[in-house]
Number of protein chains: 2
Amino acid sequence: MPRPTIKDVATAAGVSKGAVSFALNDRPGVAPETRRRILEAAERLGWTPSPRARALSVSRALAVGLVLARPARVLRADAFFPAFISGLESALSEHGHALLLQVAEHDDEAAYRRLAAGGRVDGVLVTDLQVDDRRPALLEELALPAVIVGPHLGDGFGPQQSALGVDDVPGVTAAVQHLASLGHARVAHVSGPLTMVHGRSRRDAWASAMAAAGLPAGPLVEADFSAESGAAAMRALLRLEEPPTAVVFANDVMAMAGLSVAQARGVSVPRDLSVTGYDDTEIAAHVQPPLTTVAIDVVAWGRAAALRLLELVDGRPPSPVDLPPARLVVRGSTGPAPTTPSSSSS
Amino acid sequence: MPRPTIKDVATAAGVSKGAVSFALNDRPGVAPETRRRILEAAERLGWTPSPRARALSVSRALAVGLVLARPARVLRADAFFPAFISGLESALSEHGHALLLQVAEHDDEAAYRRLAAGGRVDGVLVTDLQVDDRRPALLEELALPAVIVGPHLGDGFGPQQSALGVDDVPGVTAAVQHLASLGHARVAHVSGPLTMVHGRSRRDAWASAMAAAGLPAGPLVEADFSAESGAAAMRALLRLEEPPTAVVFANDVMAMAGLSVAQARGVSVPRDLSVTGYDDTEIAAHVQPPLTTVAIDVVAWGRAAALRLLELVDGRPPSPVDLPPARLVVRGSTGPAPTTPSSSSS
DNA sequence: CACCACTTCTAAACCGGTTTAGTACAGGAA
DNA sequence: TTCCTGTACTAAACCGGTTTAGAAGTGGTG
């Protein structure tokens with residue numbers, strides 16, 4: 001027996017389709033007794049409305065889209081998306097919306113167009129924003145509500161768009177201050193791509209925190225968030241005439257790879273060199289030495305992003321969100337600055 | 001201007017809705033000249049069929065579901081899903097299907113029921129199968145086609161179900177043989193939960209490979225794939241009267257955590273102890289020493305799973321898949337067995 | 001010429017909901 | 001009594017496609 005339809009419920013309750021629809025959506029114009037009878041019949045038949053049909057008649061998809069714009073290689077190592085998705089979905093399912101995934105290897109523009117053209121989603125989440133990203137403009141053109149996930153940009157977005165994200169500044173600042181208080185003066189930064197908003201924002205946060213601590217701008221190496229690039233950055237820093245005594249990495253993966261390079265070169269961490277990461281990945285606490293890093297609540301972030309998107313879709317005013325702030329987790333990879341100027345002995 | 005509908009195309013081409021539908025689905029009964037005119041009109045208006053409407057009339061959802069059944073804490077560290085999803089989606093989008101995600105913290109049964117009741121998906125992918133999993137039976141009851149992702153189980157599944165996965169045996173066997181050839185005789189295994197199919201299958205593979213190499217069964221510690229549990233397992237192994245000279249971990253995360261514990265205890269890897277992982281996570285190559293591990297092509301796996309599911313949904317016979325086999329990647333964490341019986345000096 | 005088969009196309013039903021227009025009936029006021 | 005208003009409900013249109021039944025036109029055969 002196929003799933004019962006609204007018609008089955010209607011005949012079972014001895015009323016018309018319309019009455020059932022009214023009763024189930026709590027709309028006036030149905031006598032209490034009739035409503036009760038209808039609900040009882042629906043219950044008895046085990047009827048649930050079909051989102052398919054519902055979506056068609058209300059002209060809404062009842063789903064939102066997330067485009068994974070990173071290449072599979074990078075996705076492979078990523079700890080952000082699973083947690084983020086988990087948060088997203090928990091909020092969405094509470095509101096009867098589904099989460100639709102689309103993976104765009106390169107041409108993400110086409111992916112968004114497909115999503116919009118199909119009318120399969122009511123809105124989308126945009127992650128990994130580039131500094132000069134064309135997607136907000138594209139989505140505005142497609143009239144697709146969007147939540148841009150990441151640190152705030154200066155520029156405003158369209159009326160159908162909203163930026164939402166954990167502020168990088170406090171976390172990175174805490175890391176720099178922590179190092180400064182340990183006596184470090186040459187604090188380098190290994191950033192993500194500076195073409196990406198969260199690559200750049202962490203770089204900026206590091207630079208201003210350094211200035212605020214009264215320290216000279218340390219060396220900066222631009223990497224791409226991958227382990228390989230983190231390792232390369234560390235090698236470059238160690239080749240410097242005056243290597244830094246501490247390195248602030250823009251994420252854990254690079255930090256761990258950097259850590260490994262330093263150790264392989266006989267540089268002891270944290271005795272000769274302090275290292276910090278960002279993300280608080282699960283393994284971060286389980287490498288040798290355990291990584292000092294910045295923890296963010298990605299699940300909460302996902303929930304907040306989903307709720308904001310639903311508000312946009314419904315045309316409701318955005319309610320304020322307060323995300324748990326990033327916090328520094330001090331572990332074994334940071335220690336007092338070496339007194340002997342950058343000698344390296346195992 | 002809202003998206004054009006099939007009716008707009010019909011009037012533009014001077015034909016009926018039905019004719020347009022025929023023309024666009026390459027069905028006979030349309031004169032070549034008419035077909036051309038219709039396609040031209042559709043092109044000019046920029047029309048794309050609405051999956052919403054299409055799904056309703058063909059009584060298919062044109063989407064498949066994936067339930068992430070792991071708690072957020074574990075998901076956080078997981079490198080499997082992003083890559084797997086990436087593979088899934090690439091195959092699905094080629095066939096006009098969408099990927100719908102559902103996250104089930106605990107009660108995954110309810111998640112599947114929701115998916116089935118809503119009729120939002122035509123089939124589902126089941127991961128992380130438990131040895132005594134109720135989901136295959138549940139899905140059969142719900143008449144929801146399913147691909148069970150993971151190593152084959154002995155029992156057959158329903159007609160609407162199919163198991164598909166990378167065989168664990170060759171990878172684990174290669175790891176054990178590699179260690180045996182290096183002279184290791186006491187090779188321990190740190191497994192995932194033995195209530196999980198892939199936890200058990202890797203354990204079994206290790207046990208038979210040991211037997212095949214003519215070695216006595218080494219110590220076995222059951223863990224849960226998390227870093228914390230891997231660390232605990234390593235501590236337990238080091239406490240043994242006769243600690244193993246090599247440890248085969250069931251995944252990279254546990255292996256890296258175990259590696260770290262050994263080093264913290266002053267056990268040198270690979271001099272005193274060899275360690276292997278499973279997954280070939282990105283960071284595995286960038287810890288100190290780099291991890292010897294088993295690489296699997298998770299993206300290809302995802303593609304294959306998606307294609308098989310589409311076959312099931314369409315009622316086509318399953319086509320054989322050949323997944324690239326797991327292969328051992330030898331790095332620095334494995335070396336010759338120590339000659340002095342398990343002395344530990346830094 | 002009558003009949004049949006085949007191709008090409010249209011009209012209408014259908015998927016399963018929501019929503020609008022309109023009907024039936026009750027009670028209250030003039 | 002008649003008229004009006006409001007409530008409770010039904011019938012039908014609608015969302016945007018697919019699919020079936022049937023109509024119209026064409027060509028071939030006896």
In whole angstroms, how far is the C1' atom of C:dG16 from the CZ atom of B:Arg60? 18 Å
Electrostatic pair B:Arg36:B:Glu40 at N-O distance under 4.0 angstrom: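 No salt bridge links B:Arg36 with B:Glu40.
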Under 4.0 Å between a side-chain nitrogen and a carboxylate oxygen: does that hold for B:Arg303 and B:Glu89? no
With heavy atoms under 4.0 Å as the rule, sort B:Gly14 into base, sugar-phosphate or nothing. sugar-phosphate
With a 3.5 Å cut-off and heavy atoms only, can you find an N or O donor on one side and an acceptor on the other between the side chain of A:Lys17 and the base of C:dG17?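 Such a pair exists between side chain and base.
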Assign A:Thr5 to base, sugar-phosphate, or nothing according to its heavy-atom contacts below 4.0 angstrom with the strands shown.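 Here A:Thr5 touches the backbone only, sparing every base.
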Just to confirm, is there a sub-4.0 Å distance from OP1 or OP2 of D:dC9 to any side-chain nitrogen or oxygen of A:Thr34? yes
For B:Arg35 and C:dT7, what is the distance between atoms CZ and C1' respectively, to the nearest whole Å?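 Rounded to the whole Å, the gap is 13 Å.
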Taking only side-chain N and O atoms of B:Trp47, does any of them lie within less than 4.0 angstrom of OP1 or OP2 on D:dG17? yes
Which nucleotide in the list C:dT10, D:dT18, C:dT18 gets nearest to the side chain of A:Ser21?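 Taking heavy atoms from C-beta onward, the closest nucleotide is C:dT18.
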Closest to the A:Ala53 side chain, choosing from D:dG16, C:dG17, D:dC9: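 For the A:Ala53 side chain, the nearest candidate turns out to be C:dG17.
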Go through the side-chain N and O atoms of A:Ser319 and A:Glu311 and say whether any donor and acceptor fall under 3.5 Å apart. yes
Selected nucleotide, minimal atom distance to B:Ser50 side chain, candidates D:dC15, C:dT10, D:dG17: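 Minimum distance to the B:Ser50 side chain belongs to D:dG17.
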D:dT10, D:dG17, C:dT19: which one has an atom nearest the side-chain heavy atoms of A:Val58?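 Of all the options, the side chain of A:Val58 is nearest to C:dT19.
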Whether the side chain of B:Asp133 engages the backbone of B:Arg135 through a donor-acceptor N/O pair (distance < 3.5 Å, no angle test) should be reported.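 Yes, the answer is positive, given that a donor and an acceptor are paired below the 3.5 Å cut-off.
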Where the side chain of A:Phe22 is concerned, which of C:dT20, C:dC15, C:dT18 is the nearest nucleotide?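 Between C:dT20, C:dC15, C:dT18, the one nearest the side chain of A:Phe22 would be C:dT20.
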Rounded off to whole Å, could you give me the CZ-to-P distance for the A:Arg54 and D:dG16 pair? 17 Å
Protein-nucleotide distance (B:Leu56, atom CG; C:dG16, atom C1'), rounded to Å: 6 Å
Tell me: CZ of B:Arg52 to P of C:dC14, nearest whole Å?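 Interatomic distance, CZ of B:Arg52 to P of C:dC14: 24 Å.
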Calculate the interatomic distance between A:Glu33 atom CD and D:dA8 atom P; express it in whole Å. 12 Å
Kindly point out which of D:dT19, D:dC9, C:dC15 is positioned nearest to the side chain of B:Arg27? D:dT19
Whole-Å distance separating the NZ atom of A:Lys7 from the P atom of C:dT18: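 The distance from NZ of A:Lys7 to P of C:dT18 comes to 15 Å, rounded to the nearest Å.
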Could you tell me whether the side chain of A:Asp314 and the main chain of A:Arg316 form a donor-acceptor pair under 3.5 Å?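 Not a single qualifying donor-acceptor pair exists.
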What is the nucleic acid contact for B:Val15, judged by heavy atoms within less than 4.0 Å: base, sugar-phosphate only, or nothing? sugar-phosphate
Result for 5'-nearest mapping on DNA chain C, choosing between B:Arg37 and B:Ser57, is B:Arg37
